[in-house]
Amino acid sequence: QVQLVESGGGLVQAGGSLRLSCAASRRTINNYGMGWFRQTPGKAREFVGYNRDSGGRTYYRESVEGRFTIFRDNAKNTMFLQMTDLKPEDTAVYYCAAGDRLHVGVRVDDYDYWGQGTQVTVSS
């Protein structure tokens with residue numbers, strides 16, 4: 001089974017940028033659909049974006065469309081989330097996830113493997 005480790009979180013001012021990494025081990029990410037989710041205290045984990053493979057279409061939640069970009073570096077076996085024009089409402093713990101390429105989507109249950117999360121805090 002694949003293991004996922006996120007990194008790159010931190011504190012940034014509104015309007016700034018961050019790049020999160022999701023490094024995979026034990027299995028290649030080519031075998032998986034991959035996604036990013038985020039969660040704030042007291043709220044359900046919510047979908048940020050996903051794709052079924054590196055060459056396919058990537059789907060984003062509406063509030064991040066045009067500001068966030070998901071891409072993969074297959075040579076590094078790593079998925080990235082490039083975040084620009086960050087807003088205070090983007091503050092959350094961000095998680096990467098992997099699952100069956102045919103079944104990944106916007107729901108938490110669409111994924112089988114999760115990283116431990118990385119905190120992103122956007123100050124106003």
Side-chain angles (χ1 to χ4, degrees):
Q1 61 188 30
V2 67
Q3 290 190 330
L4 305 172
V5 178
E6 301 96 335
S7 61
L11 174 64
V12 64
Q13 288 188 331
S17 300
L18 277 176
R19 177 179 291 185
L20 305 184
S21 300
C22 173
S25 60
R26 296 194 175 184
R27 294 289 187 273
T28 174
I29 59 174
N30 283 339
N31 294 333
Y32 296 93
M34 304 283 292
W36 285 96
F37 285 72
R38 64 189 183 186
Q39 189 170 22
T40 54
K43 293 190 176 181
R45 194 168 295 188
E46 66 181 20
F47 149 79
V48 174
Y50 79 94
N51 60 40
R52 292 190 170 87
D53 54 58
S54 59
R57 178 180 174 182
T58 301
Y59 301 85
Y60 299 95
R61 73 180 299 105
E62 185 175 355
S63 62
V64 308
E65 184 81 52
R67 300 189 297 120
F68 289 12
T69 303
I70 293 172
F71 61 99
R72 304 187 190 195
D73 185 333
N74 291 330
K76 295 181 179 179
N77 210 29
T78 300
M79 178 179 66
F80 298 92
L81 177 64
Q82 178 67 49
M83 304 185 292
T84 63
D85 190 23
L86 282 160
K87 306 177 186 299
E89 53 264 40
D90 295 319
T91 295
V93 177
Y94 283 71
Y95 298 89
C96 68
D100 186 310
R101 281 190 295 182
L102 296 180
H103 298 144
V104 293
V106 303
R107 302 180 309 155
V108 169
D109 289 347
D110 294 337
Y111 299 82
D112 302 304
Y113 308 103
W114 292 84
Q116 83 290 348
T118 186
Q119 175 71 47
V120 171
T121 303
V122 185
S123 63
S124 57

Only distances under 3.5 Å count here; give the side-chain donor-acceptor pairs of residues 93-110 to other protein atoms, sequence neighbours excluded, each with its distance to 0.1 Å.
from: Y94; atom 1: OH; to: R38; atom 2: NH1; distance (Å): 3.0
from: Y94; atom 1: OH; to: D90; atom 2: O; distance (Å): 2.6
from: D100; atom 1: OD1; to: L102; atom 2: N; distance (Å): 2.8
from: R107; atom 1: NE; to: D110; atom 2: OD1; distance (Å): 3.1
from: R107; atom 1: NH2; to: D110; atom 2: OD1; distance (Å): 2.9
from: D110; atom 1: OD2; to: G105; atom 2: N; distance (Å): 3.3
from: D110; atom 1: OD2; to: V106; atom 2: N; distance (Å): 3.3
from: D110; atom 1: OD2; to: R107; atom 2: N; distance (Å): 3.0

What residues, two or more places apart in sequence or in another chain, satisfy side-chain hydrogen bond (donor to acceptor under 3.5 Å, both in side chains) together with T84? none
Set of side-chain contact (heavy atoms from CB on, under 4.5 Å) partners for N31, sequence neighbours left out: T28
Please say yes or no: joined through hydrophobic side-chain contacts below 4.5 Å, possibly via intermediate residues, are I70 and Y32 part of one cluster? yes
Under the side-chain hydrogen bond (donor to acceptor under 3.5 Å, both in side chains) test, residues paired with R61 that sit two or more places apart: S63
Set of side-chain hydrogen bond (donor to acceptor under 3.5 Å, both in side chains) partners for E89, sequence neighbours left out: none
Hey, any chance M83 and Y59 share a hydrophobic cluster, counting ILVMFWY side chains that come within less than 4.5 Å of each other, even indirectly? no
Could you pull out all residues at least two apart from F47 that satisfy ring pair (Phe, Tyr, Trp, His ring centres under 6.0 Å)? Y50
Give me each pair satisfying disulfide (SG to SG under 2.5 Å) with a member in residues 30-90, each pair once, sequence neighbours excluded. none
Sorted by first residue and then second, give each ring-ring contact (aromatic ring centres under 6.0 Å, His included) pair with at least one member in residues 63-86; sequence neighbours left out. F71-F80
Restricting to pairs with a member in residues 39-90, which pass disulfide (SG to SG under 2.5 Å), not counting sequence neighbours? none
Looking only at non-hydrogen atoms, find the nearest pair between C22 and M34 and report the distance. SG-CE, 4.2 Å
Identify each donor-acceptor pair in which a side-chain atom of residues 114-124 lies under 3.5 Å from a protein atom, sequence neighbours left out, and give them as a table.
from: Q116; atom 1: NE2; to: E6; atom 2: O; distance (Å): 3.1
from: T118; atom 1: OG1; to: G9; atom 2: N; distance (Å): 3.2
from: Q119; atom 1: NE2; to: A92; atom 2: O; distance (Å): 3.4
from: Q119; atom 1: NE2; to: T121; atom 2: OG1; distance (Å): 3.3

Sort and list the pairs that fulfil ring-ring contact (aromatic ring centres under 6.0 Å, His included) and have at least one residue in residues 5-27, not counting sequence neighbours. none
Single-linkage hydrophobic cluster, 4.5 Å side-chain cutoff, Y113 and F37 together: no
Tell me which pairs pass side-chain hydrogen bond (donor to acceptor under 3.5 Å, both in side chains) where either residue lies in residues 8-26, with sequence neighbours left out. R19-Q82
Hey, could you give me the CH2/CE distance between W36 and M79, rounded to the nearest 0.5 Å? 5.0 Å
Given 3.5 Å as the limit, does a donor-acceptor pair link the side chain of N77 with the main chain of I29, or not? yes
